[in-house]
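For clarity, every value in this text was computed on a predicted model and none was experimentally measured.
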Amino acid sequence: MIVISLCPSAQASGVTVTDDVITVFNEMKVRKLQANEDEKKKRKKAVLFCLSEDKKHIILEEGQEILTGDVDDCRYALYDATYETKETKKEDLVFIFWAPDGAPLKSKMIYASSKDAIKKKFTGIKHEWQVNGLEDIKDRRTLADKLGGSSVVTLEGSPI
């Protein structure tokens with residue numbers, strides 16, 4: 001994305017990540033294999049993060065489902081993907097940078113320049129996905145490709 005080159009460092013924006021964001025990340029990354037059925041039902045599947053009103057902090061966007069609400073502005077998200085490859089079942093967190101084509105240029109620039117600040121806090125994330133519109137997420141194959149390409153045979157329990 002061209003706007004990333006306009007803001008070469010994450011520190012350029014001066015944005016910080018709140019403790020709530022880090023807490024949610026840590027809760028989501030705890031290995032699910034150790035969770036009982038009750039704990040599994042309470043786990044978050046997807047969480048949205050946005051910039052605070054003053055654009056100084058990355059905060060948890062409470063009560064929002066992924067990609068609902070104001071889809072015309074940028075967001076970050078964590079998605080807990082459950083999938084199966086030809087060899088094994090897997091669960092991985094995916095960092096999503098939602099930057100819709102219709103978002104204001106200023107918003108795209110500050111989110112792009114602040115992305116590294118949140119990614120540095122999310123240690124161990126293997127998969128990153130930049131989404132520029134709803135059409136990008138409608139085809140499940142796109143996410144499957146991010147997770148492991150042609151070796152992925154199911155995503156969220158459904159065949160690819």
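Annotation: side chain of L78 is not in contact with side chain of I96 (no heavy-atom distance under 4.5 Å). L147 has its side chain within reach of H127: a pair of non-hydrogen atoms, C-beta onward, lies under 4.5 Å apart. Residues K119 and I125 have side chains not in contact (no heavy-atom distance under 4.5 Å, counting atoms from C-beta outward). Looking only at side-chain heavy atoms (C-beta outward), K108 and P100 stay at 4.5 Å or farther from each other. Side-chain atoms of Y76 and V21, non-hydrogen and from C-beta on, never get closer than 4.5 Å to each other. Side-chain contact between L60 and V47: present, with at least one pair of heavy atoms (C-beta onward) separated by less than 4.5 Å. Contact check for N132 versus W98: no side-chain heavy atoms found under the 4.5 Å cut-off. Using a 4.5 Å cut-off on side-chain heavy atoms (C-beta onward), T23 and N26 make no contact.
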Worked verdict on C50 versus I59 for side-chain contact (heavy atoms from CB on, under 4.5 Å): CA-CA 6 Å; C50 62; I59 61 172; 3.9 Å; yes
From CA spacing to verdict: side-chain contact (heavy atoms from CB on, under 4.5 Å), F122, I22: CA-CA 8 Å; F122 290 173; I22 296 164; 5.6 Å; no
Between V153 and I160, does the side-chain contact (heavy atoms from CB on, under 4.5 Å) criterion hold? Intermediate values first, please. CA-CA 6 Å; V153 292; I160 297 297; 5.9 Å; no
Full working for side-chain contact (heavy atoms from CB on, under 4.5 Å) between S114 and K55: CA-CA 10 Å; S114 303; K55 308 286 189 237; over 6 Å; no
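Taking each heavy atom of A77 and L48 in turn, the nearest pair found is CB-CD2, 3.8 Å. The minimum heavy-atom distance between P104 and D73, with the atom names listed, is CD-OD1, 4.2 Å. What you find for W129 and I137 is that their closest heavy atoms are CH2-CG2, 3.5 Å. Across A99 and C74, no two heavy atoms sit closer than the pair CA-SG, 3.9 Å.
For the residue pair T18 and D20, no side-chain donor N or O sits within less than 3.5 Å of a side-chain acceptor on the partner. Looking only at atom types and distance, the side chain of T16 has a donor-acceptor partner in the side chain of H57 under 3.5 Å away.
Under the 3.5 Å distance criterion, the side-chain polar atoms of K121 are left unmatched by any main-chain donor or acceptor of D116. Looking at S113, its side chain does come within 3.5 Å of a backbone N or O of M109 through a donor-acceptor pair. Looking only at distances, a side-chain donor or acceptor of S151 sits under 3.5 Å from a matching main-chain atom of G148. Counting only distance, with no hydrogens or angles, the side chain of R140 and the backbone of P159 share a donor-acceptor pair below 3.5 Å.
For E156, the side chain to side chain contact (heavy atoms under 4.5 Å, CB included) partners two or more places apart in sequence, or in a different chain, are K45, Y79, A81, T82. For K90, the side chain to side chain contact (heavy atoms under 4.5 Å, CB included) partners are Y83, T85, T88, not counting sequence neighbours.
For D19, the CG atom counts as loosely surrounded, since its 6.0 Å shell holds 12 or fewer non-hydrogen atoms of other residues, nucleotides or ligands. Around the CD atom of E135, the shell of radius 6.0 Å holds more than 12 heavy atoms that belong to other residues, nucleotides or ligands.
In summary, D145 and R141 engage in a salt bridge, as defined by a charged side-chain N under 4.0 Å from a carboxylate O. Ion pairing of K146 with E128 is absent here, as no side-chain N (NZ or NE/NH1/NH2) approaches a carboxylate O to less than 4.0 Å.
Between F97 atom CZ and F49 atom CZ the span is 14.5 Å, to the nearest 0.5 Å. Between the CG atom of D80 and the CD atom of E91 there is a distance of 5.5 Å, given to the nearest 0.5 Å.
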